[in-house]
Amino acid sequence: MDEGSGGGFVRTAVAARQRITRGMLGAVFNAVLPRGCAGCDMPDMVLCPSCEASFARPRCYALGGVEIGFGYACAAYRGAARQAVLAWKDHGDEECTPMFAQALAALALRVGIRESVRGREILIVPTPSSSRSVRRRGRWHMLPLVRRLARLLRESGVNARVAPVLTMRGVAHKSVEMRGSSQRAGRVGGHIVMRRGADVEGSLVMLVDDIVTTGSTMRQCVGVLGSGGAIVLTALALAQAGESQRNPDRQPAVRRGDGLPVDESCP
Ligand SMILES: [Zn+2]
C-alpha cells in the first residue's frame with residue numbers, strides 16, 4: 001500500500017476496526033474491512049508465516065519454586081512479536097488468540113509437559129489482570145487464550161483443565177473470609193491472591209502469562225500457588241523481555257528423579 005490517501009483511509013479504517021472488535025458492529029467491520037498481520041501489517045493475514053515463526057523461538061529464565069526450575073516464553077519481546085502481542089493484548093486483535101494458543105501448546109510439549117504429568121490432570125492457571133485493566137480492555141484477554149491452550153493440550157494427550165484460581169487483592173473478593181489453603185496463600189504474593197473457594201492442594205499447575213519482563217508477577221503467582229499446596233511445573237509466556245539465559249534447543253533435556261525435564265545448560 002502506498003502512502004497516498006487510500007493508504008491513509010485504510011490505516012484509519014483498520015484503527016477503527018481495532019477499536020470496535022466486539023458486538024454486532026464489530027462483526028460488520030470484520031467482514032468488510034481489510035486487516036494486516038498483527039506483527040508486520042502484511043495484508044490479509046492474521047499473523048504472517050514470518051511473524052508466526054518468531055513465536056517458535058523459545059527462551060527461558062530461572063524461576064524458583066517451579067519443578068522444572070525455569071519459566072519459558074515463545075518469543076523475544078521485541079520487533080514483530082512485540083507488536084503482535086500488544087495488538088492482541090491492548091488493541092483488541094482477538095483473531096491472534098488461536099495462533100498464540102498454538103505457540104504456547106507447542107512450547108508446553110517441547111519442555112516436556114506431557115512426560116511430566118504422566119496422565120495426571122494439570123491445571124492451566126492464567127496470571128490475573130486487575131479489574132481496572134479488564135474494564136479498560138473490555139475483556140480478560142488471557143481467558144480465551146488458556147481455554148484454547150488447554151483444548152490443544154488435551155488433543156495432544158495432556159489432561160489439561162483451565163483453572164483461573166488467581167485474582168488481584170483489593171480488586172475482587174476483598175472482604176472474603178478465606179480458609180485453609182486459600183488463607184495461607186492469601187498471605188503471600190503481594191497483591192495476587194487465591195480466588196475465593198479455590199483449592200489447588202496437591203494439584204499440578206502450569207502458569208500462563210502474556211509478557212514476562214522482570215518475572216516478578218510469575219514469582220508472586222508461584223508463591224501463592226505453592227502456599228496453596230500446588231505443585232507448579234513451570235510458567236509459560238508468549239514473550240519475554242530482555243536476554244534469554246539459554247536456548248532450550250541447544251541441549252536435550254535430562255530427567256531428574258521425579259521425571260521432570262531439566263536442561264543442564266540452564267544457569
Ligand atoms: Zn507479519
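Ligands are counted one by one from 1 in listed order, and the atoms in each one are counted from 1 as well.
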Taking only residues two or more places apart in sequence or in another chain, which ones pass ring pair (Phe, Tyr, Trp, His ring centres under 6.0 Å) with F55?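 F55: ring pair (Phe, Tyr, Trp, His ring centres under 6.0 Å) contacts with F100.
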Check residues 153-162 and write down every donor-acceptor pair under 3.5 Å in which the side-chain atom is one partner and the other belongs to a residue at least two apart or another chain.
{"residue": "R154", "atom": "NH1", "partner": "A160", "partner atom": "O", "Å": "2.9"}
{"residue": "S156", "atom": "OG", "partner": "L152", "partner atom": "O", "Å": "3.2"}
{"residue": "R161", "atom": "NE", "partner": "E121", "partner atom": "OE2", "Å": "3.0"}
{"residue": "R161", "atom": "NH2", "partner": "E121", "partner atom": "OE1", "Å": "3.4"}

Indicate yes or no for a side-chain donor-acceptor contact from R195 to the backbone of P164 under 3.5 Å, with no hydrogens or angles considered.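 Yes.
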Distance-only, no hydrogens or angles: does the T234 side chain make a donor-acceptor pair with backbone N or O of F70 under 3.5 Å?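 Flag set: sc T234 to bb F70 pair under 3.5 Å.
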For the Zn ion (ligand 1): protein N/O/S atoms at distances below 2.8 Å: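 Number of qualifying protein atoms: 4.
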Atom pairs and distances, donor-acceptor, side-chain atoms in residues 207-214, under 3.5 Å, two or more places apart:
{"residue": "D209", "atom": "OD1", "partner": "T127", "partner atom": "OG1", "Å": "2.7"}
{"residue": "D210", "atom": "OD2", "partner": "K89", "partner atom": "NZ", "Å": "3.2"}
{"residue": "D210", "atom": "OD2", "partner": "H141", "partner atom": "NE2", "Å": "2.6"}
{"residue": "T214", "atom": "OG1", "partner": "S216", "partner atom": "N", "Å": "3.1"}

C51 vs Q83 side-chain heavy atoms within contact, under 4.5 Å: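 A side-chain contact under 4.5 Å is absent here.
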